[in-house]
Protein chains: 2
Amino acid sequence: MSISSRFAVGIHILALIDLNKETASSSEFIAGSVNTNAAVIRKIMGMLKKAGLIDVQPGVAGAKLSKELSEITLFDIYKAVNVVEENELFSIHDKPHPDCVVGKNIQSTIEPIFMAAQSAMEKVFQNLTLEDIVKDIEAKEHIQ
Amino acid sequence: MSISSRFAVGIHILALIDLNKETASSSEFIAGSVNTNAAVIRKIMGMLKKAGLIDVQPGVAGAKLSKELSEITLFDIYKAVNVVEENELFSIHDKPHPDCVVGKNIQSTIEPIFMAAQSAMEKVFQNLTLEDIVKDIEAKEHIQ
DNA sequence: GTTCTTGTAACTGCATTGATTACATGTTTA
DNA sequence: TAAACATGTAATCAATGCAGTTACAAGAAC
């Protein structure tokens, strides 16, 4: 099990759009940087657009960020690309036997714990923005 | 995407073994409570055994916990059933283009963030034991 | 109007999950 | 000792999701 790379690619796309803002970033260009197919990029960009993170026009090359770098959290991207459903990071077996002490109560015991674990993970993304990503990339670039 | 229910089932199995300790809990009996096939239970119990959480003998009905309830954390179970690999909860696209500012640096920028998110999630399980689960189930039982 | 772009749909190969069946091996007991 | 019952494990199956690929309609720009 592993969470889809759409999330990592989404971050890559947005960072690239910003760092390449003098030029238009076509899906073909972005695909070259990500190392995948342009249709894959367009699909993910469609999700980012739907979430209000970028502006893209059919037929027009390139995309622009809809908000400031500091206003786009990693959590926004995470939700946009739909890699994990709300409170469904962990699967729970359904219909445990209702006549059993454990079967009867296990779901309501485990659910809040799984929700807490998922929340703890998502909070990390809520506290980071695209600005952090872009600054980190720029810092690495200046060292070299 | 969703993390395998093996984790939830693993917790169910261990809680049931404890709460049913007067009787031997055969894989068939546990399967009835979980509502699945006995072979599925035996496979998961094999993982729990391999991790040193339970004692089972081929041919002998039932299993016993190898440790005290308070000494088995949910993280132990989580690792035992192998639902998420170490530092691989999130996938990262590989071979981004090395000649691109973003492609060159994105992996090393994102990796520590993904690791931190996974750790935050796992910490929740490190701080809970089977004792918490069993007590919660018992408390619910007493209300009814 | 040709060329380039985005937006989508359809199809592929691959991996994982969970259920199921089957059977070898070990244990108990009558 | 033989029958009954248990675990351990392999093989198979359907369903699902991921990522890559091809194809093409629709929009925009030169």
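Within every chain, numbering begins at 1; the chains are lettered A, B, ... in the order of the sequence lines, protein sequences first and strands thereafter. All of these numbers come straight from a predicted model, not from anything done at the bench. Both backbone and side-chain heavy atoms feed into the values below; hydrogens, waters and symmetry mates do not.
- Of all nucleotides listed (D/dT7, C/dT21, D/dG27), D/dG27 comes nearest to the side chain of A/Pro58.
- Along DNA chain C, the nucleotide nearest B/Ile3 and the nucleotide nearest A/Arg42 are compared for position; the residue whose nucleotide lies closer to the 5' end is A/Arg42.
- DNA chain D is contacted by both A/Ser5 and B/Val60; B/Val60 maps to the nucleotide lying nearer its 5′ end (nearest heavy atom per residue).
- Taking only side-chain atoms of A/Ser26, from C-beta outward, the nucleotide of D/dT9, C/dT5, D/dA28 with the closest atom is C/dT5.
- When each of D/dA23, C/dG18, C/dT20 is scored by its nearest atom to the side-chain atoms of B/Arg6, the top-ranked nucleotide is C/dG18.
- When heavy atoms are screened at a 4.0 angstrom cut-off, B/Ser91 is found touching no nucleic acid atom at all.
- Distance alone, capped at 3.5 Å, is enough to place a donor-acceptor pair between the B/Ser108 side chain and the B/Asn105 backbone.
- In this structure, B/Glu85 atom CD and C/dT16 atom P are separated by 10 Å, rounded to whole Å.
- At a cut-off of 3.5 Å, with distance as the only test, no side-chain donor of B/Glu122 or B/Gln126 sits close to an acceptor on the other residue.
- Counting to the nearest Å, the C1' atom of C/dG7 and the CE atom of A/Met47 are 13 Å from each other.
- Taking atom CG on B/Asp94 and atom P on D/dA19, their separation rounds to 11 Å, with Å as the unit.
- Distance A/His93 NE2 to C/dA19 P: 10 Å, rounded to the nearest Å.
- Scanning both residues, A/Phe114 and A/Ser91, for their nearest heavy atoms gives CE1-O, 4.1 Å.
- As judged by a 4.0 angstrom heavy-atom cut-off over every strand, B/Val40 is placed among the base-contacting residues.
- At D/dG8, one or more side-chain N or O atoms of B/Lys49 fall inside 4.0 Å of OP1 or OP2 (strictly under the cut-off).
- The aromatic rings of A/Phe125 and A/Phe7 lie perpendicular to each other, with more than 60° between the two planes, well past the 30° mark.
- Mapping A/Met45 and B/Thr36 onto DNA chain C by nearest heavy atom places A/Met45 closer to the 5' end of the strand.
- B/Ile41 places its CD1 atom 17 Å from the C1' atom of C/dT21, with the value rounded to the nearest Å.
- Residue-level contact check: A/Ser2 touches neither bases nor backbone, having no heavy atom under 4.0 Å from any strand.
- Within the 4.5 Å cutoff, the side chain of B/Asp136 has no heavy atoms near those of the B/Asp132 side chain.
- The side chain of A/Ala39 lies closest to D/dA23 when the candidates are D/dA28, D/dA23, D/dA19.
- Computed from coordinates, the A/Ile44 CD1 to C/dG7 P distance equals 13 Å when rounded to whole Å.
- Defined by atom type and a distance below 3.5 Å, a donor-acceptor pair is missing between the side-chain atoms of A/Thr36 and B/His93.
- Rounded to an integer number of Å, the gap from A/Asn82 CG to D/dT16 P is 17 Å.
- In this structure, B/Lys50 reaches neither bases nor backbone, as no heavy-atom distance under 4.0 Å exists between it and the strands shown.
- The distance between atom CG of B/Leu48 and atom C1' of D/dG8, rounded to the nearest whole Å, is 14 Å.
- Residue A/Ala61 is in sugar-phosphate contact alone, with no base atom involved, counting any heavy-atom pair closer than 4.0 Å across all strands shown.
- Of the candidate nucleotides C/dG7, C/dT20, D/dG20, C/dT20 has the atom lying nearest to any side-chain atom of B/Asn37.
- Distance from the side chain of B/Ser4 is smallest for C/dT17 among the nucleotides C/dT17, D/dT9, C/dT6.
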